[in-house]
Number of protein chains: 2
Amino acid sequence: MKISKTEENYLKVIFSILEKGKPSASTNAISKKMQTSAASVTDMVKRLAKKKLAIHESHKGVKLTKRGGQIATMLLRKHRLWEVFLVDKLDFLWDEVHEMAEELEHIQSKEMIDRLDSFLGNPKFDPHGDPIPDAEGNFATRQQTPLNEFKVGEKGTVVGVRESSTPFLQYLDQLDLGLGSKVEILEKFEYDNSAKILLNKSKEIVITGKVCLNLFLQK
Amino acid sequence: MKISKTEENYLKVIFSILEKGKPSASTNAISKKMQTSAASVTDMVKRLAKKKLAIHESHKGVKLTKRGGQIATMLLRKHRLWEVFLVDKLDFLWDEVHEMAEELEHIQSKEMIDRLDSFLGNPKFDPHGDPIPDAEGNFATRQQTPLNEFKVGEKGTVVGVRESSTPFLQYLDQLDLGLGSKVEILEKFEYDNSAKILLNKSKEIVITGKVCLNLFLQK
DNA sequence: TTTTATTTTTAGGCTAATCTAAAAATTTAT
DNA sequence: ATAAATTTTTAGATTAGCCTAAAAATAAAA
Ligand SMILES: [Mn+2]
Ligand SMILES: [Mn+2]
Ligand SMILES: [Mn+2]
Ligand SMILES: [Mn+2]
């Protein structure tokens, strides 16, 4: 039984919703992420259920079966490895690779992706700091804290971004802020959650609360 | 106006038929290569014509417009560059890469393919000896002769294969015969077009007329 | 606890890409 | 030149994936 590209994209979206701790993914949440109507989602969710990739209880959202979760995980593996390839080997910037990886992830060949993995030196994280599952589906873990939870005086290194939309990444580029940047909290402004930070021991900048929320650091 | 993967595959097939000198591609020839019914071909050919990618005269076959030909050429460029990547970087064998390239060729990004090209060192030929069009669509040319046209005593180097089906390529692997192999014709047997050759100045083998027809050599 | 708002599902339709069977056109053979 | 064979097109259906509008179910508010 083969899985279409569309079905794969749905599996990934459902997986990403469940990953955030939700007990099940709602029709509306899926339709928002997939940019399709709620009716189309109901349609597709039924098809995924029929293929034993998802479990659907009417009006109660959808979960993934073990197999559905495995497929989603392998899609993330492929997506992230291709992103590493595009950045490390073809010199793309981290904000340019998402769309291409969105297509490349659907190429079917376990052997190819395992070889790509070793060609790239078995990276554990993608260009946005997201963990790359290994061939068995195990994610690397790492202790990381969103910048907004840091206190004044604390220091850390940027290791990931919560959101990797092009505008956000380009804004970070503008600030000269990326994975590996050293950050020290100089001041925190409670009334709007913005903060003044010392970047790479050299530049003082002010960043908004939204940016603080979207940056993951290692202490 | 965007072109579907299916439309792209049809364009490639039509291009490959026209490339062999035919003035137009017949419905049957296309249906054979596409593994679809003749009725489906008629359908698709009309759609390609409506999109100005092909010219269709009822019962008289189909040709490609300039734009149709350009798209087919870029597909060959992508297909062949990915094949080089798979063989040179991921260490696949020449008989293992076709199916993967068949999918990879549909990834849309001019920038990506141009960068891949330079990452690979701007190769002029793919792992089967087929020429790789450059970014402007120009094919490298090379004087090459099918082995069956060689006379006894003549020598040459294998530079390409007419057909790159897995069984044929694996058979060549078995014979220790690949791109770069040195060949000298020792005897030709007219009655079945087979020949005895000296391979790499060391091994005498007999090959059938079919094999002779499918090997291209440079004198 | 009704009423109202929101979410989800159903009903009915559309397009791309495919199929089989039958009709029409063209080519080949007699 | 007519008949037979082959090729191509048309007709009519099917499936995946999508849509809008309406109905049904659930959640929130009064
Ligand atoms: Mn995708
Ligand atoms: Mn990523
Ligand atoms: Mn293809
Ligand atoms: Mn090739």
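Chain letters run A, B, ... following the sequence lines, proteins first and then strands; every chain starts at 1. Just so it is clear, the structure is predicted and the values come from calculations on it, not from any experiment.
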In Å, rounded to the nearest 0.5 Å, how long is the span from [atom1] of [X] to [atom2] of [Y]?
X: B/M74; Y: B/E105; atom1: CE; atom2: CD; answer: 13.0 Å
X: B/S24; Y: B/I17; atom1: OG; atom2: CD1; answer: 9.5 Å
X: B/I207; Y: B/N193; atom1: CD1; atom2: CG; answer: 11.5 Å

If we fit an axis to the first five pairs and another to the last five of the helix from C/dT1-D/dA30 to C/dT30-D/dA1, what angle do they make, to the nearest 10°? 0°
Can you classify the ring geometry of A/W82 versus B/W82 as parallel (below 30°), tilted (30 to 60°) or perpendicular (above 60°)? perpendicular
If each of B/T27 and A/K5 is mapped to the nucleotide of DNA chain D with the nearest heavy atom, which maps nearer the 5' terminus, i.e. the 5' end? B/T27
Please tell me which of B/S58 and A/S58 maps to the more 5' nucleotide of DNA chain D, matching each residue to the nucleotide holding its nearest heavy atom. B/S58
Rounded to whole Å, how long is the line connecting atom [atom1] of [X] with atom [atom2] of [N]?
X: B/N28; N: C/dA25; atom1: CG; atom2: C1'; answer: 14 Å
X: B/K51; N: C/dT15; atom1: NZ; atom2: P; answer: 14 Å
X: A/K60; N: C/dT6; atom1: NZ; atom2: P; answer: 23 Å
X: B/K50; N: C/dT15; atom1: NZ; atom2: C1'; answer: 11 Å

Ignoring hydrogens and angles, state whether a donor on the side chain of B/Y10 or B/T36 is under 3.5 Å from an acceptor on the partner side chain. yes
Do B/N28 and B/S26 have a side chain donor and acceptor closer than 3.5 Å? no
Given A/E111 and A/R115, is the salt bridge (charged side-chain N to carboxylate O under 4.0 Å, His left out) satisfied, shown in steps? CA-CA 6 Å; A/E111 182 64 23; A/R115 285 183 189 225; 2.7 Å; yes
side-chain hydrogen bond (donor to acceptor under 3.5 Å, both in side chains) filter on A/K5, not counting sequence neighbours, yields A/E103
With a strict under 4.0 Å distance from non-hydrogen atoms of chain B, what nucleotide opens and what nucleotide closes the contacted stretch of DNA chain D, reading 5' to 3'? D/dT7 to D/dT10
Tell me whether the side-chain N/O atoms of B/R47 come closer than 4.0 Å to OP1 or OP2 in C/dA16. no
Tell me whether the OP1 or OP2 atom of C/dA16 has a side-chain N or O from B/T6 closer than 4.0 Å. no
For residues 62-77 of chain B, pull every pair meeting side chain to side chain donor-acceptor pair (under 3.5 Å), keeping only residues two or more places apart or in separate chains. B/R77-B/D114, B/R77-B/D117
Pairs touching residues 43-52 of chain B that satisfy salt bridge (Lys or Arg N to Asp or Glu O under 4.0 Å), sequence neighbours left out: B/E7-B/K51
Considering only heavy atoms, which members of residues 34-44 of chain B lie under 4.0 Å from some atom of DNA chain D? B/A38, B/A39, B/T42
Grab the two heavy atoms, one from A/F119 and one from B/K89, that are nearest each other, plus how far apart they are. CD1-O, 3.5 Å
